[in-house]
Amino acid sequence: MPSDFDKGAYPEPPRQTPAVDKQTALPNPALILSKLFYYSVDLPVTTFRDAIDSIRSKNKAVYYHQKFRRVPDLTDCQEGDYLCYYEAEMQWRRDYKVDQEIVKVIQERLRACQQREGASYMENCANEIKQFNEVAKDFQSRYGDLGAYGSARKCLMKQKERMMAAQAQSA
């Protein structure tokens, strides 16, 4: 420490902070107004909202997990039943999207394994590679040559052609 240290420039803080003891005969108006607001507005509104929330929570519809019933395939529709055609088309589109997501998930697993294993991924990721090849082959055989405007009817015709080719090959 320097020799010319001046104790008067930096006085020591007090050892104990004195407690302010304010005693008045008048109550605090801010406290009265906050209590008045709480009991007249906040409490009834909160109670009403909690009651409504408890009723709504019993029959809660989750918007992001819509469950569709399985509809008949296009082959099960009667001739001229356009509503059945439409339902089968929508079911096919949902199945197509689900199959796309399955391929994406398997592909992500394969990429993660390749990233994790590095140069030796061919030996260590053999199961993932095999699974991806199977899924990709199945997806390609079902949806491969449908083009951008694929539909349930086109997919059904492709399946029929595949079955006829297999039957002709076996005969």
Exam field: side chain [X] to backbone [Y], donor-acceptor pair closer than 3.5 Å:
X	Y	result
Glu89	Ala152	yes
Asn133	Ile129	yes
Thr46	Leu43	no

Spatial distance of atom [atom1] ([X]) from atom [atom2] ([Y]) [nearest 0.5 Å]:
X	Y	atom1	atom2	value
Phe139	Asp99	CZ	CG	6.5 Å
Ile55	Asp50	CD1	CG	11.0 Å
Arg49	Arg56	CZ	CZ	11.5 Å
Glu161	Leu156	CD	CG	10.0 Å
Lys158	Arg142	NZ	CZ	10.5 Å
Ile52	Ser57	CD1	OG	11.0 Å

field: Any residue meeting disulfide (SG to SG under 2.5 Å) with Cys155, in chain and number order, not counting sequence neighbours
entry: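 Partners of Cys155 by the disulfide (SG to SG under 2.5 Å) criterion come out as none, since no residue qualifies.
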
query: With a cut-off of under 6.0 Å to the ring centre and 45° to the axis, is Arg153 in cation-pi contact with Tyr85?
result: yes

Out of curiosity, does [Y] fall in the hydrophobic cluster containing [X] (side-chain heavy atoms, cut-off under 4.5 Å, transitive links)?
X	Y	value
Leu31	Tyr39	no
Val98	Val135	yes
Leu83	Val71	no
Leu110	Tyr121	yes

- prompt: Under 3.5 Å, is there a donor-acceptor pair between the Arg94 and Gln91 side chains?
  reply: yes

query: Side chains of Leu74 and Trp92: does their closest heavy-atom pair fall under 4.5 Å?
result: no

message: With heavy-atom distances below 4.5 Å as the criterion, would you say the side chains of Phe132 and Arg109 are in contact?
response: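 In short, these two side chains do not touch, never coming nearer than 4.5 Å.
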
query: Quick one: do Glu101 and Lys104 make a salt bridge, cutoff under 4.0 Å?
result: yes

field: Electrostatic pair Asp145-Arg162, nearest N-O below 4.0 angstrom
entry: no

task: Could you walk me through whether Val105 and Ile102 pass the side-chain contact (heavy atoms from CB on, under 4.5 Å) test, one step at a time?
output: CA-CA 5 Å; Val105 167; Ile102 289 172; 5.9 Å; no

field: Audit row: Lys137, Glu134, side-chain contact (heavy atoms from CB on, under 4.5 Å) steps and yes/no
entry: CA-CA 5 Å; Lys137 185 183 72 123; Glu134 288 175 9; 5.8 Å; no

query: What's the verdict on salt bridge (Lys or Arg N to Asp or Glu O under 4.0 Å) for Arg69 and Glu87, showing C-alpha distance, side-chain angles and the deciding distance?
result: CA-CA 10 Å; Arg69 66 177 178 83; Glu87 286 180 342; 3.5 Å; yes

Taking all heavy atoms of [X] and all of [Y], pick out the closest pair and write down the distance.
X	Y	answer
Ser141	Asp138	OG-O, 2.9 Å
Leu36	Ser40	O-OG, 2.6 Å
Pro44	Val41	CD-O, 3.4 Å
Ala88	Pro72	CB-O, 3.7 Å
Cys125	Glu117	SG-CG, 3.7 Å

task: With side-chain contact (heavy atoms from CB on, under 4.5 Å) as the test, would you mind laying out the steps for Asp95 and Arg70 before giving the verdict?
output: CA-CA 10 Å; Asp95 291 344; Arg70 200 72 191 164; 2.9 Å; yes

query: Going by the angle between their ring planes, with limits at 30° and 60°, are Tyr143 and Tyr96 parallel, tilted or perpendicular?
result: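 If you compare the ring of Tyr143 with that of Tyr96, the planes turn out perpendicular.
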
message: A quick test of your reading: do over 12 heavy atoms of other residues, nucleotides or ligands sit less than 6.0 Å from CD of Gln167?
response: no

